[in-house]
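Some notes on the structure that comes next.
Just so you know, these numbers use all the heavy atoms, side chains as well, and skip hydrogens, waters and symmetry mates. A note on names: the letters A, B, ... follow the listed sequences, proteins ahead of strands, and every chain is numbered from 1.
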Amino acid sequence: MIQLDGICKSFGENEVLRSLDLSAKKGEMLVLLGSSGCGKTTTLSVIAGLTKEDKGDIYLEGSRINDTPPHKRGIGFVFQNYALFPHLNVYENVEFGLKAGNKRSTRGGNKTEVKRALELVGLDGFEKRNPMKLSGGEQQRVALARALATEPECILMDEPLSNLDAVVRERLRHEIAQLQRDIGLTSIYVTHDQVEAMALGDRIAVLNNGRIEEAGTPEKIFYKPEKEFVARFIGRKNIFAGRSATLDEDNGVLQISTGNFDLTTVFVPSSVGTRVKACVRPEEIILAKSDRNTIAKSARNEIAGRIVNISQNGPLMRVLVDVGGAEMSADITRLAARDLGLKGGDRVLLTFKATSVHVIL
Amino acid sequence: MIQLDGICKSFGENEVLRSLDLSAKKGEMLVLLGSSGCGKTTTLSVIAGLTKEDKGDIYLEGSRINDTPPHKRGIGFVFQNYALFPHLNVYENVEFGLKAGNKRSTRGGNKTEVKRALELVGLDGFEKRNPMKLSGGEQQRVALARALATEPECILMDEPLSNLDAVVRERLRHEIAQLQRDIGLTSIYVTHDQVEAMALGDRIAVLNNGRIEEAGTPEKIFYKPEKEFVARFIGRKNIFAGRSATLDEDNGVLQISTGNFDLTTVFVPSSVGTRVKACVRPEEIILAKSDRNTIAKSARNEIAGRIVNISQNGPLMRVLVDVGGAEMSADITRLAARDLGLKGGDRVLLTFKATSVHVIL
Amino acid sequence: MSLSFRISLSLIAGIFFGFIVVVLSCLLTATSFAEFTGEIRSPEIISAILLSLETSIAVVLLALLFGIPAAYILATKRFKGKNILDTLVDIPIVLPPLVCGLAILIAFGGEGIFSRFDVLFTVKGIIIAQLFVASPFLIRSAKTAFESIDRDVMDAARTLGASEFYTLTKVSLPLARNGIASGVVMTWARALGEFGATAMVAGCIPYRTETMTVGIYMHAMSGDISASVALSLILMSFAFTTLIVFKYLGTIRDGNLGPRGAAAQ
Amino acid sequence: MSLSFRISLSLIAGIFFGFIVVVLSCLLTATSFAEFTGEIRSPEIISAILLSLETSIAVVLLALLFGIPAAYILATKRFKGKNILDTLVDIPIVLPPLVCGLAILIAFGGEGIFSRFDVLFTVKGIIIAQLFVASPFLIRSAKTAFESIDRDVMDAARTLGASEFYTLTKVSLPLARNGIASGVVMTWARALGEFGATAMVAGCIPYRTETMTVGIYMHAMSGDISASVALSLILMSFAFTTLIVFKYLGTIRDGNLGPRGAAAQ
């Protein structure tokens with residue numbers, strides 16, 4: 001368990017943390033969500049002891065660790081830029097923490113630990129490789145193995161996926177979620193990406209201007225935010241709960257059945273029946289008028305519904321549509337809205353590509 | 001008129017230009033189209049005299065200029081990274097060529113020329129500004145004004161838009177096309193972007209491996225390429241000729257009427273009746289089965305057609321659809337193709353967003 | 001933070017810095033204000049100061065004349081043997097000044113190939129010796145400054161009708177000015193502080209070839225410590241000025257006036 | 001290309017480079033092989049060579065002992081007065097060695113605060129003088145090397161259970177090794193070529209405080225040019241070795257072993 005009480009930290013004139021309170025329960029994955037410059041990274045740095053707080057207390061498993069140096073806190077850290085040791089190979093990188101921890105290393109006794117850590121992240125056999133020659137995703141896996149090998153009390157991850165491209169990011173995100181649940185490691189994960197926060201967090205704490213605005217389950221934060229800032233920050237982004245219905249790895253397709261309709265998306269490793277969430281960005285939905293109620297055999301992700309509300313959303317119009325009991329938002333141009341002659345109660349058809357459906361396991 | 005005869009150039013072991021022949025007629029905009037590393041930039045550099053060719057002849061208006069130093073060739077150059085003088089303000093940047101050209105500058109006599117050049121690019125009033133503090137689009141406009149102020153025989157542009165974001169790129173592209181036509185300046189424009197090549201070129205020369213593969217009008221290059229390399233390089237990319245039908249700057253929408261159907265796109269400055277081309281990327285089209293022939297009042301860019309052919313296209317299936325006499329390609333996933341049970345002759349509906357229509361003036 | 005580690009680290013560094021400060025401040029305590037003002041009014045001291053300023057300024061001007069073209073060629077041209085020239089510039093930096101001095105002594109001496117030039121034991125000799133030792137600093141600094149100018153910016157000037165000379169004076173030199181300025185400061189400081197090569201080539205003749213550094217040595221050897229200290233304090237004040245100018249130029253160069261700042265936009 | 005501009009540019013640079021080459025090669029032609037081998041067998045020359053090597057190596061070791069902690073602190077810690085310490089490191093670089101020598105002479109002299117240490121006119125004095133003048137080069141180079149290590153990499157080591165000392169020895173030093181190595185080479189070359197401060201503090205006592213540079217000066221002054229030339233040629237060969245090692249380390253550092261190469265991945 002990690003607990004922060006009234007942490008303050010300024011860099012010169014710049015107040016980065018303003019009496020921040022935070023706690024992560026044992027075995028829980030807490031996601032710190034916020035835009036850049038809100039103090040996310042500084043928070044992690046203070047917990048790890050890499051930055052000295054100006055005021056406030058830090059507790060790890062109940063004991064105050066303010067004055068414990070970073071190497072004695074037993075807190076793992078995964079950096080955005082991987083921060084691997086460029087002069088050591090993959091094996092030596094993972095072994096580093098084991099050697100640094102015990103003052104004298106048992107001769108050859110680290111081999112099994114290193115192997116196990118590399119197996120955890122699927123890099124068995126990479127021992128002799130130069131980490132700088134690996135892909136970004138592999139480098140971050142090495143960093144993860146390196147942190148896990150020391151068997152830390154808890155682990156802090158600072159936007160570990162933000163330097164990776166979309167496909168690798170999605171896959172590694174699922175692996176991190178899996179790993180964290182399997183090990184049951186108390187984790188704090190920092191991100192600015194709502195999909196990541198939703199996918200990974202047992203709880204989410206939304207950070208704003210050096211303070212926690214609101215913390216709670218993803219459901220609470222995304223569906224029933226109390227604070228206006230959080231509501232605005234999260235937006236209303238067409239998030240639907242469902243179960244994976246059919247998987248088709250060969251064709252790269254996953255079917256999700258929500259209570260109200262089915263969704264097709266690109267393949268994401270899971271098993272049939274897994275509870276998932278899916279989100280569709282409003283600007284990726286095409287809207288058409290339609291009198292049809294159900295569609296025989298047509299494009300995937302074509303959903304019929306009835307307009308509930310139309311409102312301004314910046315340069316676009318946001319159309320809220322009731323689809324089989326759930327609500328879905330679509331953004332269209334103002335002219336399109338006028339030309340289609342849309343008004344409340346109209347029956348419409350919502351269409352979007354499989355790649356527009358973002359899955360949250 | 002610019003003519004290159006058998007230009008060869010190697011850098012060490014690397015043969016960049018292999019007996020390249022090229023000519024641009026007086027007042028014409030010639031686009032050099034090719035992927036990176038094909039020798040485009042070296043070609044411009046040789047024409048301007050910044051790189052010394054190993055072999056071959058360069059003619060400007062009929063006279064051989066191989067041995068003329070760059071500052072006496074009278075050839076303007078616009079660089080990808082703008083290459084403004086950071087120690088001079090906007091006025092001084094534009095004035096530089098006037099001062100450098102006449103050995104003694106007529107006292108205060110450059111004011112009108114500088115003002116006219118800045119007006120041409122819409123930067124009147126920016127004289128005192130520090131060019132490094134301007135946006136990328138503004139910097140490139142200053143570079144353009146600077147080159148035009150010297151009234152060069154011809155102008156070379158080396159991917160001038162590739163460092164700009166999409167919106168600015170599109171706008172500046174239209175401005176460059178307009179300007180070039182108004183002044184009637186012989187121009188060679190280098191790009192790797194087919195839309196840019198199509199939009200700007202009076203003629204297009206496709207470069208490959210240090211040689212011109214094929215040169216001709218955009219129509220010839222894009223519709224009837226002779227060489228297989230060009231055909232493959234260009235692909236078949238749903239290019240339709242039409243006229244702008246209605247403009248709606250307030251709503252940010254432009255209607256294009258092709259012979260076969262209408263297209264809606266985001267607003268592009270032009271006037272009603274202007275001949276334009278529009279292109280739609282196959283991967284941005286949604287395909288659905290439909291028995292309907294025409295659609296009453298529905299989404300914009302919904303086009304009915306009949307499948308002509310279905311073929312493999314990498315991991316996707318390419319569906320060729322006859323739409324009112326024209327042909328349009330759409331890329332869909334293999335599973336979608338199977339599930340929809342598509343076969344030749346099926347009636348389908350093609351749908352895409354207004355932002356998926358790329359206009360070529 | 002492991003306290004003992006930090007303490008031992010700070011202690012070691014502290015001893016070192018402390019030693020430098022204490023030793024340098026000995027110069028200040030070795031004289032009184034009255035003694036100092038008395039010394040710097042002596043004609044020999046004044047002559048030494050003037051000679052040092054005269055020679056070091058001549059060295060800077062000559063270094064600019066020869067060094068800027070050399071730096072420009074090394075930075076912008078490709079030619080055979082460029083690597084060798086590049087190394088040649090660095091030789092006087094790593095070669096002990098005394099060795100340079102000996103080489104000059106032999107070259108201009110009785111049997112040397114430059115023997116018909118009368119430079120040994122003259123002011124000309126001092127200037128040649130200092131130029132030999134100090135000018136590489138200007139060349140290196142100017143070369144780096146020229147190299148960091150965006151090649152396209154110089155090419156743009158050429159296509160706008162500027163000759164290579166016009167481009168050099170109106171584009172390259174203005175953009176390299178901070179690098180050249182720090183090179184000038186460094187070269188000037190070097191020339192002012194040069195002793196070994198100067199003494200070798202020009203000897204130690206009071207009023208004729210006695211620069212400030214030669215004066216410090218002569219007076220110290222003859223036991224006239226207060227004259228040495230006076231000259232040292234003046235040199236020290238020059239050195240501090242140099243350092244401050246140097247750091248200031250470094251700040252400007254890292255700021256947004258130089259070519260790097262421009263390229264980052 | 002304007003031909004006259006290029007020609008005049010090349011001419012000016014050519015004169016300069018030509019002058020350096022001709023003057024330096026005078027050293028080679030001033031002696032014969034037989035004379036050279038004869039000279040370097042003389043006991044005084046051998047003693048000077050050994051003394052120079054001995055003192056310069058001692059200086060390098062002391063510079064490492066004091067300089068690495070100083071460089072590490074300057075590169076990684078924030079504290080008040082850091083700017084002043086930073087400037088302090090540069091002072092011996094711009095201050096003429098003779099002034100440093102005089103300061104040491106006074107500090108360790110009869111009335112100086114370190115007078116109870118017996119260093120004047122001894123080998124210890126030579127070492128102190130050389131250390132004073134040469135060690136800042138090591139500190140500067142090591143500091144830059146430490147600064148260019150990604151802060152996150154050092155932090156990662158800390159969170160993996162490494163103490164600050166363990167991180168220094170297993171992460172920072174290995175990653176800074178090329179920068180430290182070029183600093184060592186530079187400091188060694190400086191110590192070897194030092195003359196002014198050495199002569200001031202330790203005098204010119206044959207066999208006792210006669211380093212190679214002092215030997216060159218003494219023999220040249222007493223007219224024994226061939227001994228000076230022999231010593232100069234040996235120093236010159238050291239300088240060339242230094243330059244080659246230096247350029248080689250520069251190449252490695254620009255390659256993919258150093259911290260910058262790693263960061264670029």
Side-chain angles (χ1 to χ4, degrees), chain C residues 1-2 5-6 9-10 12-13 15-17 20-24 26-27 30 65-66 69-70 72-73 85 87-88 90-92 94-99 102-107 112-113 132 163-165 189 192-193 195-196 199-200 213 216-217 220 225 228-229 232 235-236 239 242-243 247, chain D residues 1-2 5-6 9-10 12-13 15-17 20-24 26-27 30 65-66 69-70 72-73 85 87-88 90-92 94-99 102-107 112-113 132 163-165 189 192-193 195-196 199-200 213 216-217 220 225 228-229 232 235-236 239 242-243 247:
Chain C
M1 304 288 145
S2 155
F5 171 69
R6 288 202 95 174
L9 213 61
S10 309
I12 294 172
I15 290 172
F16 183 77
F17 286 123
I20 291 179
V21 171
V22 169
V23 168
L24 286 182
C26 283
L27 277 181
L65 173 64
F66 289 109
Y72 179 76
I73 287 176
L85 284 196
T87 309
L88 208 58
D90 288 340
I91 288 178
V94 291
L95 203 61
L98 266 187
V99 176
L102 182 66
I104 296 170
L105 193 64
I106 292 170
I113 52 166
F132 210 90
S163 66
E164 197 174 356
F165 179 70
L192 213 52
F195 167 59
M200 202 76 154
T213 46
I216 292 172
Y217 185 70
I225 293 290
S228 292
V229 169
S232 292
L235 275 177
M236 211 159 147
T242 302
L243 257 189
K247 298 241 158 185
Chain D
M1 301 288 145
S2 154
F5 171 69
R6 289 202 94 175
L9 213 62
S10 309
I12 295 172
I15 290 173
F16 183 76
F17 286 123
I20 291 179
V21 172
V22 169
V23 167
L24 287 182
C26 283
L27 276 181
L65 173 64
F66 289 109
Y72 179 75
I73 287 176
L85 284 197
T87 309
L88 209 57
D90 288 339
I91 288 179
V94 292
L95 204 60
L98 265 186
V99 176
L102 182 66
I104 296 171
L105 192 66
I106 292 170
I113 52 166
F132 210 90
S163 65
E164 198 175 356
F165 179 70
L192 212 53
F195 168 59
M200 202 77 152
T213 46
I216 291 172
Y217 185 71
I225 294 290
S228 291
V229 169
S232 291
L235 274 177
M236 212 160 148
T242 302
L243 256 189
K247 297 240 160 185

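Nearest approach of Phe195(D) to Gly196(C), heavy atoms of both residues: CD2-CA, 3.8 Å. Here the closest heavy-atom approach between residue Pro97(D) and residue Gly193(C) is recorded as CD-O, 4.2 Å. Heavy-atom minimum distance, Ala13(C) versus Ala70(D): CB-CA, 3.8 Å. Listed here is the closest heavy atom pair of Leu9(C) and Tyr72(D): CD2-CD2, 3.4 Å.
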Problem set entry | Evaluation steps, side chain to side chain contact (heavy atoms under 4.5 Å, CB included), between Val21(D) and Leu88(C) | CA-CA 8 Å; Val21(D) 172; Leu88(C) 208 58; 3.4 Å; yes
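Only the side chain of Phe132(C) comes within less than 4.5 Å of a heavy atom in chain D; its backbone stays farther off. Looking at Val22(C), only its side chain comes within 4.5 Å of chain D, counting heavy atoms on both sides. Looking at Ile73(C), only its side chain comes within 4.5 Å of chain D, counting heavy atoms on both sides.
We find the OG-CG distance between Ser232(D) and Leu105(C) to be 10.0 Å, quoted to the nearest 0.5 Å. If you take OH on Tyr217(C) and CG on Leu102(D), they are separated by 12.5 Å, rounding to the nearest 0.5 Å.
Between chain C and the residues Ile216(D), Leu85(D), Leu235(D), the most heavy-atom pairs under 4.5 angstrom are made by Leu85(D). Counting heavy-atom pairs closer than 4.5 Å to chain C, the top-ranked of the candidates Leu98(D), Leu27(D), Ile20(D) is Leu98(D). Counting heavy-atom pairs closer than 4.5 Å to chain C, the top-ranked of the candidates Leu65(D), Thr242(D), Thr213(D) is Thr213(D).
At a threshold of 4.5 Å between non-hydrogen side-chain atoms, the residues Ile113(D) and Cys26(C) count as touching.
Exactly one residue among Ile104(D), Val99(D), Ile91(D) makes a side chain to side chain contact (heavy atoms under 4.5 Å, CB included) with Leu24(C). That residue is Ile91(D).
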